[in-house]
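Here the structure is laid out as structure tokens; the discussion comes afterwards.
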Protein chains: 2
Amino acid sequence: MERRTPQRTAIEEALREAGRPLTPQELLELSRARVGSINLATIYRTLKMLTDAGDAVSVHIPGEPPRFEAAHIGHHHHFRCDECGRVFDITGCTGSMASLVPPGFKVREHEITLFGTCAECGKEPPGGAGTDRR
Amino acid sequence: MERRTPQRTAIEEALREAGRPLTPQELLELSRARVGSINLATIYRTLKMLTDAGDAVSVHIPGEPPRFEAAHIGHHHHFRCDECGRVFDITGCTGSMASLVPPGFKVREHEITLFGTCAECGKEPPGGAGTDRR
DNA sequence: ATAGATGCAAAGAGTTTGCATAGGT
DNA sequence: ACCTATGCAAACTCTTTGCATCTAT
């Protein structure tokens with residue numbers, strides 16, 4: 001049977017409240033702020049549990065370490081800012097991708113990642129000092 | 001100055017002739033078939049060179065190891081078959097993604113990955129024996 | 001002859017796993 | 001009291017790097 005431990009609670013809360021995809025390392029730090037002691041191995045084990053249960057999903061951005069986010073928001077995609085490195089959730093979707101594939105191919109799911117400049121970084125001169133919030 | 005070694009030639013040819021994204025490991029095996037001796041470190045070093053030069057691009061499929069392919073085909077996306085695990089190039093594209101992002105965000109590039117069943121696996125009963133060509 | 005490329009092995013980074021113990025039920 | 005979840009450390013996998021050697025130019 002599944003137990004409700006402070007570590008597990010901390011991880012789930014941190015994940016849910018972040019509202020954006022987190023790396024295991026980030027999650028470790030955020031969880032540690034909630035519960036005194038917690039270990040990276042626990043993060044990985046819990047993350048695996050949560051994704052298997054469908055309560056978390058992994059987000060893979062090319063050239064970036066894998067991140068995880070709570071699965072409460074429905075179908076959505078991601079935007080990575082070239083300047084600050086942050087990853088944002090994008091709720092829109094262009095709809096079916098079925099027209100892209102050759103005959104006989106069936107599309108079950110799709111994943112879109114956008115790259116560009118976020119609103120905040122767009123205001124400042126690109127490459128300006130102190131804009132890296134990664 | 002850059003030298004034309006048999007190893008480098010083998011890697012470039014293998015990459016180009018594969019016509020699909022290859023993992024470093026796959027590339028090692030295909031390259032080794034062309035030139036007697038070649039090492040994984042050389043694969044990685046050459047791959048890094050090629051991607052820096054824009055002659056190869058990395059392909060990241062969620063939950064899969066990173067792959068690399070020759071950059072000769074222009075803008076395209078990828079389809080991963082749930083059954084056989086193969087990754088296919090998809091030439092179509094739904095066009096601009098600019099409408100998906102919040103105001104102020106600028107889209108420079110996008111990447112789409114489709115998941116589903118390829119034509120070949122679609123013919124056979126799902127989960128049928130001997131269909132895994134991964 | 002010179003300098004870049006290769007192979008090998010060691011070093012790193014990220015992730016997983018075995019095992020003893022703490023702690024939830 | 002029982003048994004799952006945790007923490008720690010070792011093991012693993014993938015990738016990078018240092019260094020001596022080889023080889024294309």
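Everything numeric in this text was worked out from a predicted model, so none of it was measured.
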Name the atoms and distances for all side-chain donor-acceptor pairs under 3.5 Å in residues 109-117 of chain B, with sequence neighbours left out.
residue  : atom : partner : partner atom : Å
B:His110 : NE2  : B:His75 : NE2          : 3.3
B:His110 : NE2  : B:His77 : NE2          : 3.2

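- For B:Thr46, no side-chain nitrogen or oxygen approaches OP1 or OP2 of C:dA5 to under 4.0 Å.
- Atom CD1 in A:Ile38 sits about 15 Å away from atom C1' in C:dG23, given to the nearest Å.
- We find that CD of A:Glu64 is positioned 17 Å from P of C:dA13, with the value rounded to whole Å.
- For A:Ala41, the side chain to side chain contact (heavy atoms under 4.5 Å, CB included) criterion is met by A:Asn39, A:Arg45, not counting sequence neighbours.
- Taking the side chain to side chain donor-acceptor pair (under 3.5 Å) definition, one finds that A:Thr23 meets it with A:Glu26, sequence neighbours left out.
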Give each protein N/O atom lying under 3.5 Å from an N/O atom of nucleotides 14-17 of chain C, with the pair distance.
residue : atom : partner : partner atom : Å
C:dT15  : OP2  : A:Tyr44 : OH           : 2.0
C:dT15  : O5'  : A:Tyr44 : OH           : 3.0

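- Heavy-atom distances under 4.0 Å link DNA chain C to B:Gln7, B:Arg8 of residues 7-18 of chain B, given in residue order.
- Across its full length, the helix from C:dA1-D:dT25 to C:dT25-D:dA1 shows an angle of 30° between the axes of its 5 terminal pairs at either end, rounded to 10 degrees.
- Within the structure, every pair that satisfies the ring-ring contact (aromatic ring centres under 6.0 Å, His included) test and touches residues 81-106 of chain B, not counting sequence neighbours, is listed here: A:Phe79-B:Phe105, A:Phe88-B:Phe105, A:Phe105-B:Phe88.
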Taking only distance into account, with no hydrogens and no angle test, what donor-acceptor pairs under 3.5 Å do side-chain atoms of residues 46-53 of chain B form with protein atoms, sequence neighbours excluded?
residue : atom : partner : partner atom : Å
B:Thr46 : OG1  : B:Thr42 : O            : 2.8
B:Thr51 : OG1  : B:Leu47 : O            : 3.0
B:Thr51 : OG1  : B:Lys48 : O            : 3.0

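- The heavy-atom pair separating B:Pro24 from B:Leu40 by the smallest distance is O-CD2, 4.1 Å.
- Between the C1' atom of C:dA5 and the CD atom of B:Glu2 lies a distance of 10 Å, rounded to the nearest Å.
- A:Arg108 is linked by a side chain to side chain donor-acceptor pair (under 3.5 Å) to B:Asp82, counting only residues two or more places apart in sequence or in another chain.
- In this structure, A:Leu28 places its CG atom 11 Å from P of D:dC8, rounding to the nearest Å.
- Residues passing the side chain to side chain donor-acceptor pair (under 3.5 Å) test with B:His78 are B:Glu69, B:His76, B:Asp89, sequence neighbours excluded.
- Residue pairs meeting the salt bridge (charged side-chain N to carboxylate O under 4.0 Å, His left out) criterion with at least one member in residues 30-43 of chain A, sequence neighbours excluded, are A:Glu13-A:Arg34, A:Glu17-A:Arg34.
- A sub-4.0 Å separation between OP1 or OP2 of D:dT6 and a side-chain N or O of A:Asn39 is absent.
- As a whole-Å value, the separation of A:Arg32 CZ from D:dT6 P is 14 Å.
- Taking 4.5 Å as the limit, every side-chain heavy atom of B:Glu12 sits out of range of all side-chain heavy atoms of B:Thr9.
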Would you sort out whether A:Leu100 and B:Thr91 count as a side-chain contact (heavy atoms from CB on, under 4.5 Å), showing the intermediate values? CA-CA 8 Å; A:Leu100 295 183; B:Thr91 57; over 6 Å; no
Begin with the C-alpha distance, continue with both residues' side-chain angles, and end with the deciding distance and a verdict on side-chain contact (heavy atoms from CB on, under 4.5 Å) for B:Arg8 and B:Thr5. CA-CA 5 Å; B:Arg8 187 162 299 179; B:Thr5 64; 3.4 Å; yes
Show the distances under 3.5 angstrom between N or O atoms of the protein and N or O atoms of nucleotides 22-24 of chain D.
residue : atom : partner : partner atom : Å
D:dT23  : O2   : B:Arg3  : NH1          : 3.2

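- Hydrophobic clustering (ILVMFWY, side-chain heavy atoms < 4.5 Å, transitive): A:Leu30 and A:Phe68 are in one cluster.
- B:Leu47 places its CG atom 16 Å from the C1' atom of C:dA5, with the value rounded to the nearest Å.
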